[in-house]
Amino acid sequence: MSVQNLSFAACGFLGIYHLGALGAFLHHGEKLLGSLRACAGASAGALAAAVLITAPDKLERCTEFTYSFAESVRQQRFGAVTPGYDLMLTLREGIEEILPSEAHRLASDRLYVSITHSRSRKNHLVSRFASRDDLIKVLLASSFVPVYAGLRPVEFSGQTWIDGGFTDSLPRPPVGRTITVSPFAGLQDVCPVHRGRLSSQLRLANMNIMFSMENIKRLNQALFPPSRSTMQALCEEGHSDAVRFLKREALMS
């Protein structure tokens, strides 16, 4: 089998969809994972990719953290932008708990994280991590939406960075075929089935999605997380969409 990569799209709290897809890959995708060279992602997609590369045994814990993280945002009067609520601190605490001590060594040259330079607005794909703290900083930078997540961009390597989803929301490693995963109906390999009447598409920072009310609703849910039951349904949808892909590609095991 040819070398394969996985790329997970930027999608905020819809990253729960990615975790459902990860569950399918881990339980039914032995053929795929056996040929997996690298994983890539932006924002929540980068976090999902990091879990697969460095801590696949923590998937269940990561899923539970995502539900509780979303609940903490829902409880705020103005969501993530409520004065006194520190979204990035909550996210950092979750990452600190889930990533193993050797995560940076496991991730180097196997994890590609999309980040955006805060001043030039140019995209960078980071795949080398000198320390666990550097890896955490890059993952936080890839998830930093200005104003929504705070006012000060994340510092890494002497520069300041913001969400990679602004400039490349579905990054691809330089070598091999890249299988793409997105919670938005569109042209990605693993994504929801488009059920709308319109067939027009939108291109959002390197990701093609269908123009539909469902996708517009999901774009809103990315920043304003829906109820736990809706998020659980999204997780199950990610799992079933990934299983459908594995069957279609004769990769089911």
Side-chain angles (χ1 to χ4, degrees), residues 1-11 14-63 66 98-100 103 106-114 125 127 164-165 168-195 201 204 206-210 214-215 218 231-253:
M1 184 183 293
S2 61
V3 173
Q4 311 269 12
N5 306 306
L6 280 168
S7 181
F8 298 89
C11 59
L14 297 190
I16 195 68
Y17 177 96
H18 290 329
L19 299 182
L22 282 189
F25 293 145
L26 289 168
H27 291 116
H28 306 293
E30 187 179 337
K31 292 179 183 177
L32 169 62
L33 297 182
S35 67
L36 189 66
R37 193 194 79 82
C39 283
S43 192
L47 299 173
V51 170
L52 181 56
I53 291 293
T54 71
D57 58 311
K58 296 279 190 71
L59 176 60
E60 191 173 327
R61 176 68 196 101
C62 189
T63 302
T66 305
I98 289 163
L99 294 188
L106 296 168
S108 286
D109 295 322
R110 293 201 69 211
L111 175 66
Y112 290 76
V113 180
S114 171
L125 208 54
S127 61
D168 190 351
S169 60
L170 200 58
R172 288 167 170 78
V175 178
R177 176 199 176 189
T178 297
I179 297 162
T180 54
V181 185
S182 170
F184 304 104
L187 302 182
Q188 282 56 248
D189 295 300
V190 178
C191 68
V193 174
H194 174 59
R195 293 187 171 86
Q201 299 171 20
L204 299 177
N206 203 28
M207 174 171 58
N208 288 300
I209 71 171
M210 305 305 292
E214 182 63 25
N215 275 343
R218 290 195 172 189
M231 290 187 72
Q232 287 172 329
L234 286 163
C235 187
E236 291 167 7
E237 186 177 30
H239 188 280
S240 61
D241 288 343
V243 165
R244 188 174 70 249
F245 166 78
L246 291 170
K247 289 179 177 178
R248 187 172 72 237
E249 297 284 319
L251 292 170
M252 193 79 175
S253 57

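Since we're looking at a predicted model, the values are computed, not measured.
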Hey, what do you get for CG (N215) to CD1 (I209), rounding to the nearest 0.5 Å? 4.5 Å
State which residues pass salt bridge (Lys or Arg N to Asp or Glu O under 4.0 Å) with D168; sequence neighbours excluded, sorted by chain then number. none
Shortest non-hydrogen separation from K31 to A250 and the atoms involved: NZ-O, 3.8 Å
Would you say the side chain of H239 lies within less than 4.5 Å of the side chain of H28, judging by non-hydrogen atoms? yes
Any side chain to side chain donor-acceptor pair (under 3.5 Å) involving residues 242-253? Give me the pairs, sequence neighbours left out, ordered by first then second residue. R177-E249, D241-R244
Residue pairs, two or more places apart or on separate chains, that pass side chain to side chain donor-acceptor pair (under 3.5 Å) and touch residues 51-60: none
What verdict does the side-chain contact (heavy atoms from CB on, under 4.5 Å) test give for F184 and N208, after you've listed the backbone C-alpha separation in whole Å, the side-chain angles of each residue and the deciding distance to 0.1 Å? CA-CA 9 Å; F184 304 104; N208 288 300; over 6 Å; no
So do C62 and L19 actually touch side chain to side chain, heavy atoms under 4.5 Å? yes
Any donor and acceptor pair, going by atom type alone, linking the side chain of H18 with main-chain N or O of A9 inside 3.5 Å? yes
Is any side-chain heavy atom of Q4 less than 4.5 Å from a side-chain heavy atom of R37? no
Taking C-beta and beyond as the side chain, do D189 and V181 meet within less than 4.5 Å on heavy atoms? no
Atom CG in L106, atom CG in L111: separation rounded to 0.5 Å? 10.5 Å
Residue pair L125 / P171: nearest heavy atoms and the distance that separates them: CD1-CB, 3.5 Å
So C39 and R110, do their side chains get closer than 4.5 Å, heavy atoms only? no
Does R218 use its side chain to pair, donor to acceptor, with the backbone of P183 at less than 3.5 Å? yes
Closest approach of A38 to P173 (non-hydrogen atoms, all atoms of both residues): CB-CG, 4.1 Å
Side chain to side chain contact (heavy atoms under 4.5 Å, CB included) test vs F8 passes for just one of L22, L47, T180, namely L22
Do L52 and L59 have side chains that approach each other closer than 4.5 Å (heavy atoms only, starting at C-beta)? no
Distance check, rounded to the nearest 0.5 Å: Q232 atom CD versus T63 atom OG1? 10.5 Å
Can you tell me how far the SG atom of C191 sits from the CE atom of M207, to the nearest 0.5 Å? 10.0 Å
Would you sort out whether V175 and N5 count as a side-chain contact (heavy atoms from CB on, under 4.5 Å), showing the intermediate values? CA-CA 8 Å; V175 178; N5 306 306; 5.7 Å; no
Could you tell me whether the side chain of L234 reaches within less than 4.5 Å of the side chain of L14, counting heavy atoms only? yes
Between R172 and L170, is there a donor-acceptor pair closer than 3.5 Å when you use the side chain of the first and the backbone of the second? yes
Under the side-chain contact (heavy atoms from CB on, under 4.5 Å) criterion, do L36 and F25 qualify, and how do the steps go? CA-CA 11 Å; L36 189 66; F25 293 145; over 6 Å; no
Any Y112 side-chain heavy atom under 4.5 Å of S127 side chain: yes
Looking at every non-hydrogen atom in both residues, tell me the closest pair between A55 and P100 and how far apart they are. CB-CD, 3.9 Å
Applying side-chain contact (heavy atoms from CB on, under 4.5 Å) to V190 and Y17, what does each step give before you reach the verdict? CA-CA 10 Å; V190 178; Y17 177 96; 4.0 Å; yes
Quick check: are there more than 12 heavy atoms from other residues, nucleotides or ligands sitting under 6.0 Å from CD of E30? no
